[in-house]
Amino acid sequence: MRISYNWLRQYIDLNNSIEDVAQTLTSLGLEVESIDHLGKKFEGFFVGEVLDSQRHPNADRLKLCKVRVSNEGDPLQIVCGAPNVAVGQKVIVGVVGTTVPHNQHDPGAKPFVLSKVSIRGVESYGMICSENELGIGDDASGIKVLESGAQIGTPLADYLGVNDIALEIGITPNRPDCLSHLGIARDLAAALNTKCISPKVKRFDNPKNSVTELAKVNVLNTADCPRYTVRIIQNVEVKESPEWMKRLLNAAGLRPINNVVDATNFVMLEYGQPLHAFDYDHLAQHTIVVKSADKGEKFTSLDGKVHELSGDELMICDGEKSVAIGGVMGGLNSEISAKTSTVLLEAAYFSPVSVRKTAKRLGISTDASFRFERGIDPNITDEASARAAHLIAELSGGTVVAGIIDHYPKKISEKNIALRADRVNAILGTSLTVQQIVKFLASIGINITPGKEKNEFICSIPTFRPDIDQEIDLVEEVARLYGYDNIENKTSGEVMFSAPEHFEQQVFSVRHWCESNGLNEVLTNSLIDTPTAKIFGSDLVTVKNPLSVELETLRPTLLATMLQTIAYNYNHGVSRLHLFEIGTVFSAAVGNIKSTYIEGYKEKNCIGICLSGESNLLSWHEKQRQVDLFDLKGLVLSLLRGIGLDNSDLIYYNAPTSLTEMTIGVEINNTYIGFLGKVKPESLKKFKIEHNVFFAEIDLDLLTKLQSARSYKGFSKFPTVTRDVSFIVKKSVSVGEIEKVMKLAGGLQVTAVTLFDLFEGPALGEGMKSVAFSLKINSIEKTLTDAEIDSMITVIVQSVTKTFEATLRSI
Amino acid sequence: MLDQKITELQSEIDRILPAISTTDALEKFRIEFLSRSGKLASLYEALKTVPGDQKPAYGQKINTLKKSVEAQFELLKESLQSSFSEQKNDIDITLPGRERPRGTRHPITQTLEHMKSIFVSMGFGIVYGPEIEDDYHNFEALNFAPNHPARDMQDTFFVKDDIVLRTHTTPVQVRVMKSRPLPLRVIMPGRVYRNEAVSARSNYFFHQVDGLYVDKNVTFADLKGTLVTFAKNFYGSDIKYRFRPSYFPFTEPSLEMDITCFLCKGNGCRICKQSGWLEVLGAGMVHPNVLRNCGHDPEKVSGYAFGMGVDRISLLRYGIDDIRIFFENDLRFLNQF
């Protein structure tokens with residue numbers, strides 16, 4: 001809501017600075033978002049007189065002018081290119097150092113600063129301006145010539161009468177009463193302990209109600225239109241509004257149109273009551289019928305748009321046709337024009353819900369619908385209508401027909417709400433007295449009478465405050481007027497211990513482990529386009545009203561959006577991508593997938609890890625290589641062990657996922673928690689990624705349910721012996737199997753089997769490989785003798801050679 | 001007999017030891033003479049064959065020899081080690097060290113973790129809720145009337161007519177109030193969605209932290225104290241702040257908290273739109289309708305609730321001027337945190 005400070009001051013005496021007023025408004029919950037000194041943009045512009053105008057010695061089209069902008073000192077020498085400059089003119093002069101709002105020669109009309117310049121060898125000390133350059137009119141053909149009576153040296157802001165200040169105030173949806181200058185003045189007066197004076201509205205001396213002879217009103221839908229009033233103004237002359245009106249409307253952010261429309265807008269901004277002026281002669285049978293639209297009916301609104309109506313919209317009709325969408329917008333067929341001589345003025349109270357539904361359905365939001373949706377005062381209608389009618393008459397030379405048609409079958413009256421003083425203090429943590437509370441509430445127009453109990457009151461809530469609905473709303477009013485800053489900041493209280501959150505702690509560990517181990521955390525989009533989503537999952541969840549087709553479907557896996565990130569970074573020259581993300585993935589809960597919270601939908605907290613590009617950093621001591629599956633496999637195992645999941649058999653080799661190939665499952669205590677593998681080339685192609693990507697996804701909901709409690713296990717006090725052993729086996733034999741057999745054969749005394757060398761070569765024979773393991777052997781009971789160790793190794797070697805048809809290469 | 005052995009060993013050691021110049025040779029010496037099966041140990045073996053009355057005298061001799069050899073050995077070991085490090089001093093120590101790749105946590109995560117740690121220290125637990133939410137939890141139970149303009153404050157993505165992507169983390173309040181016993185003091189972080197055009201200042205999803213405390217006798221003064229304590233911990237103890245009345249359907253009275261702009265210190269700048277203030281959170285006393293909807297009697301218990309946007313605060317904290325950069329995940333950006 002944009003407020004004109006000059007306008008506001010018509011209702012309230014304000015001696016404070018604008019900053020103080022703004023602060024008070026903000027402390028009332030009417031947040032001042034900006035203060036705009038409207039005259040500021042005219043600083044540095046003055047009224048001047050052209051004393052002399054000669055042809056520029058070096059340019060035919062330019063003139064060399066002498067311009068007086070002050071009664072003292074020499075006139076300024078200014079080079080001017082305007083064709084209409086002439087001696088004796090009063091003109092607008094910008095002096096050196098002034099910012100000109102619009103550069104006429106710049107396609108973007110950007111502002112620029114005037115400096116002393118030399119134009120074709122002649123110095124120029126300022127500029128004579130056009131309307132367009134100052135943003136006060138559209139004419140850019142020449143300089144603006146002022147009336148001859150203009151005083152030399154007058155600052156332009158004063159000459160134009162632009163000395164107003166506009167306040168941009170953020171009005172929350174619960175305060176429709178403050179969508180008007182009077183409403184804001186009322187709240188401000190309460191806070192400043194002063195009075196708010198409403199405008200004097202002329203009433204009618206003539207008791208005769210002549211309006212009823214000129215028009216008829218028939219409200220068929222009283223639910224959506226509880227009150228409808230009509231006044232008529234005759235013999236109007238539609239023309240431009242006077243300067244004072246235009247200035248106030250401009251300051252409040254509304255464009256002046258004509259005196260009739262301006263008067264209705266003025267009263268809307270004054271009282272908060274939207275009004276609509278019809279051309280009486282365009283209303284068939286001079287009748288207003290308020291009813292629901294016909295289904296399929298087409299209606300052209302004031303802005304020229306054609307709307308197809310559903311039948312639920314409340315329409316204002318004449319004897320034949322619809323002429324306005326009630327509370328939203330008037331129709332083109334009955335608008336005020338230069339030919340209008342009689343005005344039918346509508347002031348109504350429409351149901352907020354009905355207006356909101358209509359405005360939403362038609363996609364229109366107007367100043368009127370905005371106010372009706374939030375709830376205007378149903379009892380201000382008559383006064384606002386009278387005010388507007390007389391204003392129209394005054395501005396247009398017309399006469400107001402005596403009387404009003406007021407269809408208001410069921411008066412909306414003030415609500416009574418009980419308030420307990422103790423309750424106020426109990427909620428706020430204050431110790432306000434009864435007197436204080438009463439005074440605060442009375443200051444905003446709430447009438448208070450004693451209630452049944454001690455310290456209980458009955459508060460009568462004015463109808464302009466539809467938001468005050470129960471006791472707690474009154475508590476807020478007290479707090480607001482007492483001042484939030486005056487309430488204590490209580491920093492002690494009952495100690496309460498938060499319960500340990502295992503999920504939280506484990507996710508914290510996972511995240512910090514990843515960070516410490518060189519992974520970059522990313523946060524990616526949750527929504528992707530449907531075709532891409534289909535590559536990565538089925539049972540997708542889509543949004544009915546997406547921003548665009550690119551953001552239509554909830555990601556079924558973190559892989560989809562992490563690949564976007566990888567593609568982005570490759571395109572920006574990055575060659576090493578080790579990323580992780582912790583986030584939610586979504587699917588419909590169909591078949592045997594269980595819903596998590598909302599029936600029909602499954603949400604999973606996951607960690608996704610992507611490795612792509614170089615494995616290690618570029619350095620002098622180590623060759624750089626590309627990441628492979630074993631980088632990721634080792635990383636995932638280290639991560640799980642790093643957060644305390646020590647179970648050794650984490651990995652198995654036929655995981656149920658279609659996202660990757662060479663897929664390895666991760667299973668702990670017989671619970672499948674995720675997988676890792678190499679991203680399929682089809683998926684990479686979709687993102688134009690030309691490098692391998694290795695991806696792991698682990699379900700954090702499952703992971704964090706696993707117990708990772710560690711306990712002490714005794715270890716041997718006797719020396720550990722390391723023995724190496726290598727075999728030549730067929731390539732098809734997997735190292736994992738060999739390890740298993742070695743461990744089985746070696747028994748508990750073999751504490752570690754580590755592959756440390758693997759190679760193939762012609763020397764080994766076709767289809768063969770060499771595998772070398774380092775074994776750690778010890779006993780918990782004694783120092784093993786060489787003979788004992790030798791016999792263990794023999795057993796191990798025999799098992800391997802027999803099981804895999806392997807040849808012993810060396811011991 | 002033993003006498004001779006001792007003398008011979010003594011002279012052998014005296015000959016070998018001074019000639020040792022490498023740690024390897026010294027180790028070889030140790031094994032030959034000082035180990036458990038070494039030559040000195042064999043003297044003790046031989047001692048067993050000496051008649052009882054002579055044992056103390058010989059024993060002492062052998063001990064003396066052993067101590068002297070051990071002392072010389074240690075001395076030599078030390079000197080060899082120091083000369084070893086001197087030898088290595090010709091290495092170019094300006095060669096780059098073997099660095100570990102540096103990982104990072106996302107700046108939004110860092111902001112969130114900082115917030116969490118402060119609230120946890122104030123006795124708040126941490127709970128989560130779904131991102132696909134129903135109209136009841138997201139709006140209705142939170143006192144948003146159907147067709148009320150307050151719903152316009154949060155443009156909504158719909159999955160179905162009554163299923164939405166949550167527009168705030170506040171629905172988790174409803175879930176915890178319904179499922180957990182009082183007193184209840186928790187924060188609820190998470191991702192939320194708004195159907196708004198993406199621009200430098202707003203994204204269609206962002207992250208919030210909601211907070212909730214419900215108990216007997218919780219007051220607006222407790223709320224203010226909690227928020228001030230949080231803000232001083234999070235933004236610094238020297239910040240200035242102000243509370244403004246505001247409006248949320250689910251709290252009454254409601255407030256918004258501003259702090260002095262940390263870029264311009266309140267003088268007015270682009271970030272604070274010349275106002276000198278930055279809005280950092282919204283809060284209020286839990287609306288009696290919400291308490292009732294969650295099965296609590298507002299005459300017996302009261303509560304406060306608050307909520308703040310993690311992304312926006314991260315923007316301000318790091319002086320970032322375009323919110324979209326958070327989700328581009330450009331490594332040149334991420335590596336700055």
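Note on naming: letters A, B, ... go to the chains in the order of the sequence lines (proteins, then strands), and numbering restarts at 1 for each one. Please read all numbers here as calculations on a predicted model, not as lab measurements.
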Between [atom1] of [X] and [atom2] of [Y], what distance do you get to the nearest 0.5 Å?
X: B/E252; Y: A/D473; atom1: CD; atom2: CG; value: 4.0 Å
X: B/E131; Y: A/T584; atom1: CD; atom2: OG1; value: 3.5 Å
X: B/L331; Y: A/R576; atom1: CG; atom2: CZ; value: 9.5 Å
X: A/L579; Y: B/T104; atom1: CG; atom2: OG1; value: 9.0 Å
X: B/S246; Y: A/R480; atom1: OG; atom2: CZ; value: 11.5 Å
X: A/I598; Y: B/I132; atom1: CD1; atom2: CD1; value: 8.5 Å

Do the side-chain N and O atoms of [X] and [Y] include a donor-acceptor pair separated by under 3.5 angstrom?
X: A/S526; Y: B/R191; result: yes
X: B/E133; Y: A/Y597; result: no
X: A/H572; Y: B/E328; result: no

Which portion of [X] sits near chain A, non-hydrogen atoms under 4.5 angstrom:
X: B/V218; value: backbone
X: B/Y304; value: neither
X: B/R100; value: backbone
X: B/P288; value: side chain
X: B/N217; value: neither
X: B/N203; value: neither
X: B/F205; value: side chain
X: B/L223; value: neither
X: B/R102; value: backbone
X: B/K160; value: both
X: B/F337; value: neither
X: B/L184; value: backbone
X: B/V228; value: side chain
X: B/L227; value: neither

Which region of [X], side chain (C-beta onward) or backbone (N, CA, C, O), has a non-hydrogen atom less than 4.5 Å from a non-hydrogen atom of chain B, or is it both or neither?
X: A/L527; answer: both
X: A/V541; answer: side chain
X: A/F503; answer: side chain
X: A/R374; answer: both
X: A/L519; answer: backbone
X: A/T542; answer: backbone
X: A/E373; answer: both
X: A/N525; answer: both
X: A/S548; answer: neither
X: A/H578; answer: neither
X: A/V574; answer: side chain
X: A/I582; answer: neither

Trace of the side-chain contact (heavy atoms from CB on, under 4.5 Å) decision for A/L551 with B/F157: CA-CA 11 Å; A/L551 304 171; B/F157 285 117; over 6 Å; no
Greatest number of non-hydrogen atom pairs under 4.5 angstrom with chain A, of B/M122, B/K116, B/M285, falls to B/K116
Please lay out, stage by stage, how B/V159 and A/Y601 fare under the test side-chain contact (heavy atoms from CB on, under 4.5 Å). CA-CA 10 Å; B/V159 173; A/Y601 301 96; 3.4 Å; yes
Hey, is the main chain of B/T156 close enough, under 3.5 Å, to the side chain of A/N545 for a donor-acceptor pair? yes
Derivation of the side-chain contact (heavy atoms from CB on, under 4.5 Å) call for B/L95 and A/H621: CA-CA 10 Å; B/L95 281 174; A/H621 53 82; over 6 Å; no
Can you tell me if NZ on B/K240 sees more than 12 non-hydrogen neighbours from other groups inside 6.0 Å? no
Answer yes or no: does atom CD of A/Q624 have more than 12 heavy-atom neighbours from other residues, nucleotides or ligands under 6.0 Å? yes
Closest-packed option against chain B by number of heavy-atom pairs under 4.5 Å, given [options]:
options: A/R420, A/E622, A/R175; value: A/R420
options: A/Q470, A/E599, A/E581; value: A/Q470
options: A/T172, A/N569, A/T596; value: A/N569
options: A/T491, A/V353, A/L617, A/T430; value: A/L617
options: A/I35, A/V522, A/V32; value: A/V522

On a heavy-atom basis, the closest approach of A/R423 and B/P298 is NH2-O, 2.8 Å
Going by the side-chain contact (heavy atoms from CB on, under 4.5 Å) test, name the single residue among B/I108, B/N329, B/T109 that passes it with A/E521. B/T109
Might you work through the side-chain contact (heavy atoms from CB on, under 4.5 Å) test for B/S275 and A/E33, ending with a clear yes or no? CA-CA 7 Å; B/S275 69; A/E33 290 164 349; over 6 Å; no
